[in-house]
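The sequence lines fix the lettering, A, B, ..., with proteins before strands; numbering per chain opens at 1. In what follows, every heavy atom counts, from backbone to side chain, and hydrogens, waters and symmetry copies are set aside.
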Amino acid sequence: MPNQSKYEADIASIRNMMERTTKFISLSGLSGVLAGLYALMGAGVVYFMVYFPQSPLSYRIETIQPFDTVMKFIGVALVVLVASIGTGLWLSSKKAQKAGLKIWSVSSKAMLINLAVPIVSGGIFILILLMNGHYGVVASACLVFYGLGLINASPNLYDEIRYLGYSEIIIGLVSAALPGYGLLFWSLGFGVLHIVYGLLMFRKYDR
Amino acid sequence: MSNPFSKLDKVLEHSVRLQVLSILVVNESYDFNSLKETLELSDGNLATHIKVLEKEKYILINKSFIGKKPNTRYRLSEKGKQAFKKHIDALEAIIKSQKQ
């Protein structure tokens, strides 16, 4: 048949256009792995600064901590956040460049807006929790709102991100029931899960 | 038996026009410059194809300004949506019949 390849190419180009204009396909899996490593390092720093002689697996009953301890937590968390976003931007723009795509596009804008709505609401909610001294559920709130953000942005990202979102929410809710394990669940959600999903995505899309 | 080739949409047999509609099927609206960048076309080339789609009433146009820069956005019309679906069904039928 003469025109067979033309029709198949048409179908392929339709799929390509639909995906390229809705999904931010330049997201680097490797940056997920690195973000996970930063989170684990951050959790390690906090553990040695605050809890050290205690076993990391022990359940903490004391919920009210001195304010300067809380500030240490926030400081480390912010460093982890900035390093993760920076690495994500850097590696994703490299990936975009390699594929001849632009990192700042209609789809990446849509993704950021969808991600920002739950994350910003969560961020404000967490600030209010901190101001009122409800430190116990902060780790849980971070995980739940982050998970909601990922699910909300997943139509503009790879499908795997939706499952990462569900996993973050589940870990966050379990963590809310066991506030004494906050740091442990935080490390699991932001550290281990990022590394696992990052590796998955790296193997599937980055090579 | 009906011939699936006869069901192909003549307007959409050109790949640029098919690609423009593909983008508008999954995006509520899309602007001229982003279309140009995504499809890697020149202004004139894209404008020619847009005009054809406009004449067929497959797309709706919304012209506005962002500051002093003109911003032209396109949306898929109901007619364009039907035409796209029919064309895809025809493509599918052709590929299926050729695979047998």
Side-chain angles (χ1 to χ4, degrees), chain A residues 1-28 89 92-118 150-162 205, chain B residues 3-41 46 49 53 59 66 71-76 80-81 83-100:
Chain A
M1 280 290 180
N3 283 319
Q4 176 166 6
S5 63
K6 195 241 175 219
Y7 297 119
E8 282 182 355
D10 273 356
I11 295 274
S13 88
I14 290 169
R15 182 172 300 159
N16 182 343
M17 282 304 134
M18 286 181 166
E19 195 172 281
R20 263 180 63 185
T21 58
T22 52
K23 287 186 186 295
F24 175 59
I25 49 173
S26 305
L27 182 67
S28 147
L89 279 178
S92 298
S93 65
K94 257 176 64 172
K95 189 175 165 187
Q97 212 171 26
K98 221 164 131 189
L101 299 171
K102 287 206 163 144
I103 190 169
W104 191 235
S105 62
V106 176
S107 51
S108 65
K109 270 182 241 176
M111 188 275 286
L112 282 181
I113 291 168
N114 287 339
L115 184 67
V117 173
L150 292 181
I151 292 170
N152 207 34
S154 65
N156 309 109
L157 290 163
Y158 296 118
D159 293 338
E160 283 80 358
I161 299 288
R162 198 169 61 250
Y205 306 107
Chain B
N3 177 6
F5 286 93
S6 66
K7 289 193 177 134
L8 285 172
D9 190 310
K10 286 274 163 290
V11 179
L12 298 183
E13 278 199 86
H14 193 288
S15 75
V16 170
R17 300 197 282 258
L18 183 61
Q19 286 176 326
V20 170
L21 280 209
S22 313
I23 293 172
L24 294 179
V25 164
V26 288
N27 291 279
E28 213 174 287
S29 73
Y30 223 75
D31 67 281
F32 186 86
N33 286 328
S34 301
L35 277 178
K36 201 177 77 179
E37 272 168 22
T38 307
L39 299 172
E40 292 171 340
L41 294 173
L46 178 59
H49 292 298
L53 290 170
I59 56 173
I66 295 178
N71 179 39
T72 310
R73 302 193 69 89
Y74 303 98
R75 276 187 304 128
L76 193 64
K81 203 167 149 188
F84 183 77
K85 195 183 171 299
K86 224 182 114 199
H87 187 73
I88 299 264
D89 288 344
L91 281 178
E92 204 177 32
I94 290 169
I95 291 170
K96 244 186 213 158
S97 69
Q98 289 176 341
K99 286 253 160 82
Q100 275 163 7

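Atom NZ of A:Lys94 is surrounded by 12 or fewer heavy atoms from other residues, nucleotides or ligands within 6.0 Å.
A distance of 9.5 Å separates CD1 of B:Ile95 from OH of A:Tyr7, quoted to the nearest 0.5 Å. In this structure, the separation between CG on B:Asn27 and CE on A:Met17 is 11.5 Å, given to the nearest 0.5 Å. Taking CG from A:Asp10 and CD from B:Glu13, the interatomic distance works out to 8.5 Å, rounded to the nearest 0.5 Å. B:Ser22 contributes atom OG, which lies 11.5 Å from atom CZ of A:Arg15 (distance to the nearest 0.5 angstrom).
With a 4.5 Å cut-off on non-hydrogen atoms, B:Ser34 touches chain A through its side chain but not through its backbone. Interface residue B:Leu8: only side-chain heavy atoms are found under 4.5 Å from chain A.
With A:Ile14 as reference, B:Ile88 is the one residue of B:Leu21, B:Ile23, B:Ile88, B:Val25 to meet the side chain to side chain contact (heavy atoms under 4.5 Å, CB included) rule.
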